[in-house]
Protein chains: 2
Amino acid sequence: MSGQKKKTTIYDIAKELNITVSTVSRALSGFPAISDTTRQAVIETAKRLNYSPNKLASALKSGQTHIIGVIVPSLQAHFFASIIHSIEKGLKGSGYRVILYQSNESLISEINGVKTLLEAQVDGIMASLSLETDNVDHFSEVIKQNKPLILFDRVHEKLDVPKVILDDFKAGYTATQHLIDQGYKNIAYLTTIHQIPIFSERLKGYKAALADNDLPLNEENIIFGGLSIKDGRFGVGKLMRLEHKPDAIIAADDFTALGAIKKLKEIDQVPPKIGVIGFANEAFSAYITPTLSTIDQHPNQMGTECVKLFLDMIKDKSAHNTSTVIIEPSLMERQSTLS
Amino acid sequence: MSGQKKKTTIYDIAKELNITVSTVSRALSGFPAISDTTRQAVIETAKRLNYSPNKLASALKSGQTHIIGVIVPSLQAHFFASIIHSIEKGLKGSGYRVILYQSNESLISEINGVKTLLEAQVDGIMASLSLETDNVDHFSEVIKQNKPLILFDRVHEKLDVPKVILDDFKAGYTATQHLIDQGYKNIAYLTTIHQIPIFSERLKGYKAALADNDLPLNEENIIFGGLSIKDGRFGVGKLMRLEHKPDAIIAADDFTALGAIKKLKEIDQVPPKIGVIGFANEAFSAYITPTLSTIDQHPNQMGTECVKLFLDMIKDKSAHNTSTVIIEPSLMERQSTLS
DNA sequence: ATGAAAGCGCTAACAG
DNA sequence: CTGTTAGCGCTTTCAT
């Protein structure tokens with residue numbers, strides 16, 4: 001035999017000390033009305049018997065798992081990895097833990113995620129929607145169960161819950177204005193076909209900036225495709241076949257911008273000859289050549305705000321919190337737009 | 001009132017249909033000896049009452065959570081994010097889910113992670129050790145509980161469990177041989193002070209390749225520091241103050257290699273003038289300038305192998321599996337070493 | 001300060 | 001094919 005099979009429970013501790021499980025439970029959980037002697041004995045015995053609490057049982061009984069489910073489109077994007085990191089950091093000391101679910105930009109997978117997390121009895125959910133998510137009914141069960149739900153970055157208006165978002169309009173506006181300030185006059189825009197607000201807001205910001213600067217809006221300049229390195233290349237290909245070729249390109253994320261740059265280099269239009277700016281300030285953006293101008297979305301700040309909202313909601317379950325925290329984007333000027 | 005407070009349980013379904021919970025439980029779990037009529041009725045009622053199983057209760061009773069805990073140093077490294085991704089992919093359809101824990105390269109945090117996962121009653125653990133981990137006692141409890149433990153990439157010899165690793169010796173050898181083949185003769189090596197096998201094996205490979213090519217080993221050329229962009233810059237600074245300056249640099253990871261390249265560009269020794277090669281084939285490595293030669297560690301293959309091992313162990317708990325799966329590294333030749 | 005006992009939601013051995 | 005019943009390990013109210 002390689003040691004006893006069964007794990008030690010509070011019953012074992014109780015038996016060992018000739019007291020009851022209630023006393024053990026109290027001693028272990030810091031209940032005040034327990035004599036110091038007893039508490040010491042319990043703690044010592046627990047250690048000696050190598051006791052490890054079964055959180056499952058505790059959660060089943062108390063109805064609280066102290067686990068928060070976080071749904072993100074993908075961990076491969078540094079942006080989301082950073083948010084996760086700051087959420088975990090912010091939660092430190094609160095007793096809450098995070099369990100992660102990746103939707104891989106798929107609606108079906110996201111629906112499954114909500115279901116799984118709910119079945120796992122998480123105490124709340126933080127989510128950033130997939131590109132495919134045009135319907136958010138799958139979140140209604142979270143609300144029905146009266147569990148905190150917080151949306152961040154990729155949100156949906158139909159969901160009347162607290163949100164942490166970037167000022168995406170401003171982000172789009174800032175990127176565009178920056179290009180205009182650099183002397184670019186015919187600015188193209190590569191974005192996604194998916195109708196999710198974050199991207200349409202940025203596009204609105206782009207249009208507004210053009211208008212404010214008395215620059216014409218050329219619909220041909222707006223390419224609706226995917227978001228990836230490949231799509232960036234593809235988009236540039238399309239743009240370069242236009243009669244009136246653009247002199248600058250805004251890509252809805254840094255991956256797409258990277259693809260655009262690669263293609264531009266191949267056709268000898270190396271930025272900043274044609275300006276390129278992206279969104280998200282990905283890990284690579286400062287290191288490619290030319291370095292990529294982009295909009296920083298402050299993931300750490302986003303994570304921190306999510307945690308703040310969550311802890312508030314836990315504290316005051318009754319208050320129907322629907323506040324929206326808006327993060328200010330920052331322009332990162334780099335070589336790809338410095339003409 | 002915003003609807004009933006309590007969640008529906010199998011009791012509610014049973015009451016609704018005038019049957020017992022056991023029947024409901026069986027009907028829901030696909031138990032064969034249940035009449036089709038009953039099963040249909042149960043499923044229909046479950047749907048109507050918006051039933052969602054409480055996995056906690058089921059796990060408590062059955063002793064199985066169907067959750068695997070995965071411990072990684074950091075999600076910010078694309079390498080680990082990829083492994084996670086392939087683990088989840090490999091697990092699809094098996095009924096197992098992953099919960100993630102980041103050690104942030106800290107031993108204390110890693111110890112905490114094991115404890116937390118065990119308390120959460122995970123069915124097994126897959127782990128890649130932190131840089132600080134020089135002692136692995138915290139994993140003994142996992143083994144004692146007879147739960148599958150699998151180590152990947154960053155492993156430890158003291159742990160007699162199945163492992164999935166890169167052939168790190170070969171990786172180091174290959175990188176070195178490649179530089180030699182390219183005509184470099186005085187090759188430096190930037191690595192970590194931490195004594196973890198993955199890095200010492202690579203270093204051994206480096207030394208062996210030098211010896212096999214009758215090249216002298218110059219201890220001054222080996223810098224023991226940290227692994228980061230900053231450390232890469234710092235390492236180059238140190239190397240450039242040597243009397244006999246190296247003409248190529250191996251960095252123990254791509255981040256360090258990136259830092260090295262940045263510094264070299266500043267002092268006008270742009271690779272491949274001084275060759276630079278890294279390890280891990282990070283997301284940015286193909287896109288920086290010059291593009292970074294590196295050793296691909298096949299994270300997807302690693303994840304897949306981990307899953308395979310895990311499922312085997314679950315299937316056959318008795319067999320003391322201690323097999324080690326060794327992944328072959330691949331050289332990615334890029335501009336930074338092509339002289 | 002401590003004990004007794006009920007029960008969280010589910011599973012499964014045993015009966016019928 | 002279905003019901004009865006006993007727990008999984010813990011928390012918590014009500015006693016004492």
Side-chain angles (χ1 to χ4, degrees), chain A residues 4-43 45-46 49-67 95 118-123 145 147, chain B residues 4-43 45-46 49-67 95 118-123 145 147:
Chain A
Q4 64 269 28
K5 273 263 96 105
K6 303 238 47 67
K7 293 184 49 190
T8 69
T9 72
I10 51 174
Y11 280 86
D12 302 317
I13 301 177
K15 197 173 294 168
E16 190 83 4
L17 295 172
N18 271 314
I19 54 179
T20 59
V21 287
S22 357
T23 307
V24 175
S25 173
R26 289 180 185 122
L28 253 22
S29 63
F31 191 78
I34 288 284
S35 75
D36 268 4
T37 342
T38 311
R39 190 187 305 282
Q40 281 316 313
V42 167
I43 291 175
T45 311
L49 297 187
N50 204 9
Y51 169 74
S52 160
N54 184 332
K55 297 266 174 164
L56 242 46
S58 145
L60 177 60
K61 176 65 195 176
S62 70
Q64 291 208 307
T65 54
H66 292 279
I67 291 177
L118 247 22
E119 288 179 0
Q121 311 297 120
V122 294
D123 288 352
Q145 289 190 19
K147 292 187 172 173
Chain B
Q4 65 269 28
K5 274 258 105 91
K6 302 241 45 70
K7 294 184 50 190
T8 68
T9 72
I10 50 174
Y11 280 87
D12 302 316
I13 301 177
K15 197 174 294 171
E16 191 84 3
L17 295 172
N18 271 317
I19 54 179
T20 59
V21 288
S22 6
T23 308
V24 175
S25 173
R26 289 178 186 124
L28 254 19
S29 62
F31 189 78
I34 289 283
S35 76
D36 267 4
T37 342
T38 312
R39 190 187 305 282
Q40 282 313 315
V42 167
I43 290 175
T45 311
L49 297 186
N50 203 8
Y51 170 73
S52 160
N54 184 332
K55 296 266 173 160
L56 242 47
S58 148
L60 177 60
K61 176 65 194 175
S62 71
Q64 290 208 309
T65 54
H66 292 279
I67 291 178
L118 247 21
E119 288 180 358
Q121 311 299 118
V122 295
D123 287 353
Q145 289 190 19
K147 292 187 171 173

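Each chain gets a letter, A, B and so on, in the order the sequences are listed, and its residues count up from 1. What you are looking at is a predicted structure, and each value in this text was computed from that prediction instead of being measured.
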Less than 4.5 Å apart, side chain to side chain, heavy atoms only: is that true for B:Ile34 and B:Val42? no
5'-most contact on DNA chain D: B:Tyr11 or A:Ser29, nearest heavy atom basis? B:Tyr11
Quick one: salt bridge (charged side-chain N to carboxylate O under 4.0 Å, His left out) pairs with a partner in residues 28-38 of chain A, sequence neighbours left out? none
Among residues 31-42 of chain A, which contact DNA chain D at a heavy-atom distance under 4.0 Å? none
note: B:Lys61, atom NZ; D:dA6, atom P; distance rounded to Å ~ 12 Å
Nucleotide D:dT2, atom C1' - distance to CD1 of B:Ile10 in whole Å: 14 Å
Could you work out, with side-chain hydrogen bond (donor to acceptor under 3.5 Å, both in side chains) as the rule, every residue matching B:Ser25, not counting sequence neighbours? none
Residues touching DNA chain C, which here means a heavy atom under 4.0 Å, drawn from residues 16-24 of chain B: B:Ser22
From A:Leu49 CG over to A:Ile13 CD1, what is the distance, rounded to the nearest 0.5 angstrom? 6.0 Å
Going by the rule side-chain hydrogen bond (donor to acceptor under 3.5 Å, both in side chains), which residues pair with A:Lys61 if we only count those two or more places apart in sequence or in a different chain? none
Please find the earliest and latest nucleotides of DNA chain C, in the 5' to 3' direction, that have an atom within less than 4.0 Å of any heavy atom of chain B. C:dG9 to C:dC14
If you round to the nearest 0.5 Å, how far is CG of B:Leu60 from CG of A:Asn54? 6.0 Å
Check: A:Asp123 and A:Lys147 side chains under 4.5 Å, non-hydrogen atoms: no
For A:Ser25, which contact category applies under a 4.0 Å heavy-atom criterion: base, sugar-phosphate, or nothing? base
Using side chain to side chain contact (heavy atoms under 4.5 Å, CB included) as the criterion, point out the one residue from B:Thr23, B:Leu28, B:Thr20 that pairs with B:Ile10. B:Leu28
Tell me, please, which residues at least two apart from A:Ser62 pass side-chain hydrogen bond (donor to acceptor under 3.5 Å, both in side chains). none
On a heavy-atom basis, the closest approach of A:Lys7 and A:Asp12 is O-OD2, 3.7 Å
Could you tell me which residues satisfy salt bridge (Lys or Arg N to Asp or Glu O under 4.0 Å) with A:Lys55, sequence neighbours excluded, listed by chain and number? B:Glu119
List every contact pair, protein side and nucleotides 14-16 of chain D side both N or O, where the distance is under 3.5 Å.
none

d(NE2, A:His66; P, D:dC10) in whole Å: 15 Å
For B:Leu56 versus A:Ala59, what's the shortest heavy-atom pair and its separation? CD2-CB, 3.5 Å
Contacts satisfying salt bridge (charged side-chain N to carboxylate O under 4.0 Å, His left out) that involve residues 16-27 of chain A (not counting sequence neighbours) are A:Glu16-A:Arg48
Sequence neighbours excluded, which residues qualify as side-chain hydrogen bond (donor to acceptor under 3.5 Å, both in side chains) partners of B:Gln64? none
A:Lys15 has an atom NZ; how far is it from atom P of D:dC10, in whole Å? 13 Å
Report the distance from atom NZ of B:Lys15 to atom OG1 of B:Thr8, rounding to the nearest 0.5 Å. 12.0 Å
Between the two end axes of the helix from C:dA1-D:dT16 to C:dG16-D:dC1, each built from 5 base pairs, what angle do you get to the nearest 10°? 30°
